[in-house]
Amino acid sequence: TQLLEQSPQFLSIQEGENLTVYCNSSSVFSSLQWYRQEPGEGPVLLVTVVTGGEVKKLKRLTFQFGDARKDSSLHITAAQPGDTGLYLCAGARVTGGGNKLTFGTGTQLKVEL
Amino acid sequence: EPEVTQTPSHQVTQMGQEVILRCVPISNHLYFYWYRQILGQKVEFLVSFYNNEISEKSEIFDDQFSVERPDGSNFTLKIRSTKLEDSAMYFCASSRDSNTEAFFGQGTRLTVV
């Protein structure tokens, strides 16, 4: 069974602070996706990282895929209240029938004024 | 922007009843998925579907579950005889190819009473 552990599980910070969320696994994935989920809604895709060592930036969010493609991190610079939400990493395993995702345990982020 | 749409947004059903959850995937996508999320838990893979057949299913997806693509646009999940433990958010997702990212619908909240 492939498992993805995220840390921290909960994070409460002040506006303007920086933070990093980690996503770790003992398994290798073909790619890793980061989603954000609001209460009662579906996960919304933020980014996909594919190549070991890859770094992608989305405004104030920086995503990195580990060299061995087993782990990833999400760094947010100068967090804002609008960044509040549940951040999920999901490892993808490609089979003939599609792109099966194994989701992480999630990081609940709260950014306060 | 194309999106995955799911209906209904909330379904309440009595234990033992059949329920059908409906999804309209993104129109040029070829791979379809169902995931579920029990309250407070991780998003879990149920099944993937390609070329009008199931390509992979998890151990959660037992004989009580079935999927169908009855026409060119809809993708349904049927639970034959619902149990209390089937209460969860059910998410439909689709991807264009087997190795491209999946986009999720808003989910159907199923409550079995």
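Proteins come first, then strands; the chains are lettered A, B, ... in the order of their sequence lines, and each starts at number 1.
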Segment of A:Ser31 engaging chain B (4.5 angstrom heavy-atom cut-off): neither

From CD (A:Gln37) to CD (B:Gln37), nearest 0.5 Å: 4.5 Å

Shared hydrophobic cluster, B:Phe45 / B:Phe91 (ILVMFWY, side-chain heavy atoms < 4.5 Å): yes

Any donor-acceptor N/O pair, B:Tyr35 side chain to A:Leu101 backbone, under 3.5 Å: yes

Atom CD of B:Glu18 with >12 non-hydrogen neighbours under 6.0 angstrom: yes

Per-residue contacts, residues 76-88 of chain B versus chain A, heavy atoms under 4.5 Å: none

Chi angles and distances behind the side-chain contact (heavy atoms from CB on, under 4.5 Å) call for B:Lys42, A:Leu3: CA-CA 11 Å; B:Lys42 291 193 296 185; A:Leu3 292 174; 4.0 Å; yes

Interface residues of residues 97-113 of chain B facing chain A - heavy atom cut-off under 4.5 Å: B:Ser98, B:Asn99, B:Thr100, B:Glu101, B:Ala102, B:Phe103, B:Phe104, B:Gly105, B:Gln106, B:Arg109

Exceeds 12 heavy-atom contacts within 6.0 angstrom, atom CG of B:Asp63: no

Single-linkage hydrophobic cluster A:Leu88~A:Leu19, side-chain heavy atoms < 4.5 angstrom: no

Shared hydrophobic cluster, B:Val43 / B:Tyr90 (ILVMFWY, side-chain heavy atoms < 4.5 Å): no

B:Arg69, CZ atom: more than 12 neighbouring heavy atoms under 6.0 Å: yes

Residue, of A:Gln33, A:Lys100, A:Glu41, that accumulates the most heavy atom pairs under 4.5 Å with chain B: A:Lys100

Crowding at NZ, A:Lys56 (>12 non-hydrogen neighbours, <6.0 Å): yes

Co-membership, hydrophobic cluster, residues A:Trp34 and A:Phe103, 4.5 Å side-chain: no

B:Phe32, part contacting chain A, at a heavy-atom distance under 4.5 Å: neither

Joint cluster assignment, A:Leu86 & A:Leu45, ILVMFWY side-chain distance < 4.5 Å: yes

